[in-house]
Structure formats: structure tokens, C-alpha cells
Amino acid sequence: MSNTHQKPLPFVYQFAAGAVAGVSEILVMYPLDVVKTRVQLQSSVRVPGEEYYNGMFDCLRKIVKNEGFSRLYRGISAPILMEAPKRATKFAANDSWGSFYRGLFGVEKQTQSLAVLTGATAGATESFVVVPFELVKIRLQDRASAGKYNGMLDVVKKIVQSEGPLALYNGLESTLWRHILWNAGYFGCIFQVRAQLPKVEPGNKTEQTRNDLIAGTIGGTAGTILNTPMDVVKSRIQNSPRVPGQTPKYNWAWPALGTVMKEEGFGALYKGFIPKVLRLGPGGGILLVVFTGVMDFFRNMRGENI
């Protein structure tokens with residue numbers, strides 16, 4: 001994420017800045033993630049006796065009314081623990097892969113196509129870090145299965161005992177696709193939008209924050225439009241316990257997409273889109289603003305020009 005005229009800082013600084021940005025974003029936006037997951041997991045066919053949500057606001061209202069406000073933060077321990085390595089990996093990998101590709105293709109400055117390629121590769125790198133945390137989070141957020149577990153460590157223990165240690169990586173393939181598509185859209189858009197916005201006067205933090213917020217929000221929205229179908233099937237794959245001798249209904253990403261479309265229609269692939277885009281659009285802006293601000297702080301601390 002470094003601007004093209006700046007040398008990337010050492011990995012430890014990128015890691016720290018990414019971690020601070022990620023935790024800041026999740027503390028503000030997490031309830032929307034709970035709502036998104038609940039909506040994604042429910043079938044289009046109402047099941048007698050089960051809670052049914054008619055969209056984002058209905059889901060929010062029913063969770064608060066029936067389960068209490070604190071339920072909107074159910075499972076946040078896993079994402080909080082995940083955010084530091086996840087966001088740090090995202091930004092550090094994007095900077096590192098950007099340098100690699102510029103050297104590989106013999107260009108000095110980032111281009112639109114390289115921004116997309118770099119973001120996609122960074123997303124794939126990030127996926128390997130987040131899968132176990134995502135699986136734990138999904139199991140805790142789902143109302144039907146939340147009662148089975150007494151917190152994050154209990155989820156890990158019971159999954160390993162009943163499904164085996166490799167089950168912690170259920171949904172790796174769909175997570176790869178989800179992160180490749182989101183990061184390609186996010187970083188690709190950031191590059192393009194920054195190029196279209198008015199140039200920032202040197203040292204003008206207000207203009208820098210404005211541009212980062214606009215670029216990050218547009219990038220987050222674009223990434224969300226691209227990856228929501230993969231996010232829907234990822235949620236369902238990770239919420240399907242592995243039973244020996246049985247093939248889960250949702251197993252691999254692309255066949256799962258076909259199953260959802262066949263049974264529930266194309267629109268079902270965008271279940272939870274509104275809370276997701278409300279989180280990851282502005283959330284993408286928060287990420288970029290905080291990350292840039294922390295990186296600038298580190299550059300000042302090291303005596304480098306910003």
C-alpha cells in the first residue's frame with residue numbers, strides 16, 4: 001500500500017500498521033459481520049420453528065430483542081486475534097508482491113494491471129492465515145450452532161475431536177477465491193481512484209485522509225461486489241460439520257455456487273450483501289486511513305520523509 005515514491009518500510013512496521021488498522025476497523029464494524037453471516041446461512045425456504053430474517057434491519061432487531069445486544073459481538077475474540085496477522089499479511093504481502101512484480105516485469109511504477117495482480121496474490125497469501133479463524137467465527141455466529149460451544153477455544157477443541165485437525169481448514173478453497181477477488185478489486189480500485197483524485201499537497205494530512213477514505217471506500221465496495229457469492233458459499237461450507245462417510249452438501253466453491261443458484265436463485269448469492277458492503281465499503285476506508293496514518297507515524301519516527 002505504500003505510495004509509489006516511497007520505499008516500503010521493513011516488514012515489522014508493515015505488520016504493526018496492518019494490525020492496528022485491522023483491529024480499528026473490526027471494533028467499529030463487527031456487528032454488521034454478525035448480521036451478514038446470519039443472513040447468508042439461512043435458506044430461502046422458511047423452516048418452522050426457526051428464526052427467519054427479512055433483511056439486515058430485521059436481523060439486527062431480532063438479535064437485539066431475542067438474544068441481547070451483546071450477541072452482536074458474539075465470536076469477536078476470533079476475529080480480533082485474526083485481525084493482526086490477517087490485515088498485517090494483507091498490506092505487507094501487497095507491498096512485497098508489488099515490489100516482486102515490478103522487478104519481474106521490469107517497471108519502476110505500479111500500473112493498474114499490476115495493482116490487480118498484486119492484490120490478487122496478496123489475497124491468496126492472506127487466505128492461509130485466516131481460514132481457521134474464519135471457521136471458528138462462523139460456528140460462533142450461527143445461532144443454531146452457537147449453543148454447542150463455550151467460546152473460541154471450545155470450538156477448536158470440539159472441531160478437532162469430532163472432525164479432525166484438518167477440519168480447521170474447511171473452506172480453504174472458497175476462502176482463497178473470496179480473498180483473491182476482494183483484494184484484486186480493493187487494491188485495483190485504490191490505484192485507479194487515487195490517480196483520479198486531486199493530488200495531495202505535501203504534508204496536507206486532511207487531503208491525504210480524504211483521498212484515502214474515498215479510495216478505500218470505493219475499493220472496499222468493488223471488492224465486496226466481486227466476492228460476495230464466494231463469501232456466501234464459504235460461510236455455508238465452513239458451517240457444515242464433516243461427518244465420516246458423508247459428502248457435505250456444500251463442499252467445493254464452484255459446485256456450491258451452482259447448488260445455491262439452482263435451489264434458491266441467483267439473488268441468493270448476494271445474501272447479506274447490504275450489511276457486508278456497509279461494513280467493507282466504509283471499513284475499507286477506515287483500513288486505508290489508519291494504515292497510512294500509522295505508516296506515516298513510523299516514517300516520522302525513523303526520520304524518513306513522508
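Quick note: residue numbers are just sequence positions, from 1. Quick caveat: nothing in here was measured; it's all calculated off a predicted structure.
- Side chains of Q238 and K234: a donor-acceptor N/O pair is present below 3.5 angstrom, by distance only.
- Between the side chain of N211 and the backbone N or O of P198, at least one donor-acceptor pair lies under 3.5 Å.
- Contact check for F105 versus L114: side-chain heavy atoms found under the 4.5 Å cut-off.
- Using a 3.5 Å distance cut-off with no hydrogens or angles, the side chains of Q208 and D212 do pair a donor with an acceptor.
- Remark: side-chain polar atoms of S174 are paired, donor with acceptor, to backbone N or O of G171 under 3.5 angstrom.
- Using the six-membered ring where Trp is involved, Y270 and F273 have ring planes that are perpendicular, over 60° apart on the 30 and 60° scheme.
- Counting only N and O atoms by type, the side chains of T118 and N94 include no donor and acceptor under 3.5 Å apart.
- With 3.5 Å as the limit, one finds no donor-acceptor pair spanning the side chains of Q141 and N239.
- Put simply, the residue from R74, R61, R38, K62 that forms a salt bridge (charged side-chain N to carboxylate O under 4.0 Å, His left out) with E67 is R38.
- With contacts defined as side-chain heavy-atom distances shorter than 4.5 Å, the pair F100/T121 does not qualify.
- Connection of L288 to V116 is not established within any shared hydrophobic cluster, with ILVMFWY side chains joined at heavy-atom distances below 4.5 Å, either directly or through further cluster members.
- Among the candidates R236, K271, K276, the single residue satisfying the salt bridge (charged side-chain N to carboxylate O under 4.0 Å, His left out) test with D231 is K276.
- Heavy atoms of other residues, nucleotides or ligands lying less than 6.0 angstrom from CZ of F57 number 12 at most.
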